[in-house]
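Written out below as structure tokens is the structure these notes cover.
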Number of protein chains: 2
Amino acid sequence: MSRASDKAYKTIREMIIAGKLASGDPLGEEALAELCGVSRTPIREALRRLEVDMLIRRTESQRSFVADWSLGDIEDVFELRAMLEGHAARRAATRMTDTVLQRLRERNATIGQAVSRVKPQVDIFLEQNREFHALILRTAGSRRLETLLQALIEQPVIWRTAHHYRADELRRSHQEHEELISAFVRRDAAWAESIMSGHIRRAFHAYSDAHQGLAAIDPAQNKKSA
Amino acid sequence: MSRASDKAYKTIREMIIAGKLASGDPLGEEALAELCGVSRTPIREALRRLEVDMLIRRTESQRSFVADWSLGDIEDVFELRAMLEGHAARRAATRMTDTVLQRLRERNATIGQAVSRVKPQVDIFLEQNREFHALILRTAGSRRLETLLQALIEQPVIWRTAHHYRADELRRSHQEHEELISAFVRRDAAWAESIMSGHIRRAFHAYSDAHQGLAAIDPAQNKKSA
DNA sequence: CATACCTTTATTGTATACAAAATCACGTAG
DNA sequence: CTACGTGATTTTGTATACAATAAAGGTATG
């Protein structure tokens with residue numbers, strides 16, 4: 001991560017996720033350049049990346065603003081993930097190898113340890129969970145599918161609040177992963193698809209339960225504009 | 001289209017579609033800048049856009065090459081389109097309004113005229129067909145879905161050869177659109193989804209029939225490298 | 001008082017120069 | 001003959017200056 005554009009990307013991204021930059025805040029290139037300690041050139045590149053991440057929105061005249069995520073938007077993302085990751089699981093089931101299966105087992109074993117505690121290690125869960133899903137996605141063997149899903153999975157708007165998941169929800173997640181592995185062992189594509197689809201849908205409800213009535217990005221953190 | 005980066009984008013894109021730049025050809029920023037008559041700055045922006053279009057591929061060291069599309073890759077795209085556009089049709093069915101319905105009818109009427117001739121007007125077909133699908137996509141009411149599908153639909157690798165579709169296939173397409181409208185009139189989401197999904201899948205077979213044994217981008221047009 | 005137009009100001013777009021990095025070529029040692 | 005290292009060359013990354021364009025504000029006029 002030595003390149004300046006990466007640094008700018010990470011910096012701005014983190015600030016949006018942390019709420020330092022609230023929905024609708026204008027993002028002038030000059031201001032961001034000073035903020036990140038780099039010139040405008042890498043800032044422009046970072047803004048492009050953030051745009052495909054859908055973390056920022058651009059007007060027709062190319063001015064940038066922090067994107068606003070309604071609960072409906074977030075539901076859309078989960079819905080698309082359910083469909084696409086289900087598809088990935090189906091494809092992965094027919095292409096599964098023993099080595100990948102072994103690595104999936106290892107990942108989920110780590111997840112099992114992390115969530116079996118009274119106070120689950122959420123950071124480890126998130127990390128291993130990501131790897132678990134990434135492994136399946138790669139096994140699906142479709143570069144295009146991988147590209148599309150990457151953009152959805154990386155959505156950090158959701159991560160911001162991932163720490164609020166309840167312990168029983170995390171354990172349920174671990175259990176569903178085990179089922180998924182069973183489906184893969186049997187190379188049962190339809191089974192894998194339906195587990196995965198339900199797995200993602202459940203995640204959405206866990207998310208929305210934890211945020212009843214709250215907007216995706218807390219408007220209380222808004223500090224600018226009258 | 002006054003901006004230089006747009007000009008560069010279009011120029012490079014056209015050259016790739018036309019086969020002037022063959023799969024695997026290296027795309028140096030300097031060379032492209034001279035080719036497009038602009039500086040490297042807008043070229044870099046154009047390359048980013050072409051990358052998300054999946055028309056170019058970048059190495060880990062950020063060097064750019066014309067992407068190579070195997071038939072399997074193209075099948076992947078159609079498969080994803082079938083799933084996502086089917087999903088869009090399902091959502092659109094529950095959100096359909098009479099004004100949109102009317103516009104769909106108009107579009108497909110134009111398509112009907114274009115394909116009823118002995119020598120179908122393929123350009124008109126492609127244009128109206130695009131509008132027809134775009135209208136449904138917009139009615140689905142999911143910005144994320146729209147973004148994802150845009151990237152797939154715009155795939156110009158496929159357009160290159162769209163002119164080779166047979167007349168009966170074009171008429172069949174028109175007919176399926178009519179069925180789709182029927183499903184929308186009845187607000188039958190499941191019906192709309194299955195018609196749309198089949199519609200796209202059939203389009204793939206029409207495509208692959210027209211290109212039996214041929215690579216996606218004709219290697220015969222390769223003029224560079226020994 | 002409202003509106004249209006013009007001036008001013010801020011912001012994005014482009015070009016260019018230079019820095020950093022990677023690739024290639026070549027030569028030498030094993 | 002191969003493998004490796006080193007330097008030359010090409011290619012990408014960044015900074016900065018300037019041009020073009022859009023937003024903002026103020027003034028004149030209906």
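The sequence lines fix the lettering, A, B, ..., with proteins before strands; numbering per chain opens at 1.
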For B/R58, all residues meeting salt bridge (Lys or Arg N to Asp or Glu O under 4.0 Å), sequence neighbours excluded: B/E51

Among A/I16, A/V66, A/I12, the one residue meeting side-chain contact (heavy atoms from CB on, under 4.5 Å) with A/L55: A/I16

Test A/M196 against A/R81 for side chain to side chain contact (heavy atoms under 4.5 Å, CB included), laying out the working first. CA-CA 10 Å; A/M196 180 63 93; A/R81 276 189 63 188; over 6 Å; no

Hits for side chain to side chain donor-acceptor pair (under 3.5 Å) against A/R57, two or more places apart or cross-chain, chain-then-number order -> none

In whole angstrom, what separates A/I43's CD1 from D/dT16's C1'? 15 Å

Verify whether one side chain among B/E193 and B/H87 offers a donor that lies under 3.5 Å from an acceptor in the other. no

Looking at C/dA15, I'd like to know if its phosphate oxygens (OP1 or OP2) sit under 4.0 Å from a side-chain N or O belonging to B/S39. yes

A/L47 CG to D/dT14 P: how many Å, rounded? 14 Å

Nucleotide C/dT14, atom C1' - distance to NZ of B/K7 in whole Å: 12 Å

Cut-off 3.5 Å, side chains only: do A/N129 and A/H174 have a donor facing an acceptor? no

Under 4.0 Å protein heavy-atom contacts per nucleotide of nucleotides 7-13 of chain D, with B for base, S for backbone only and - for none: ----SBB

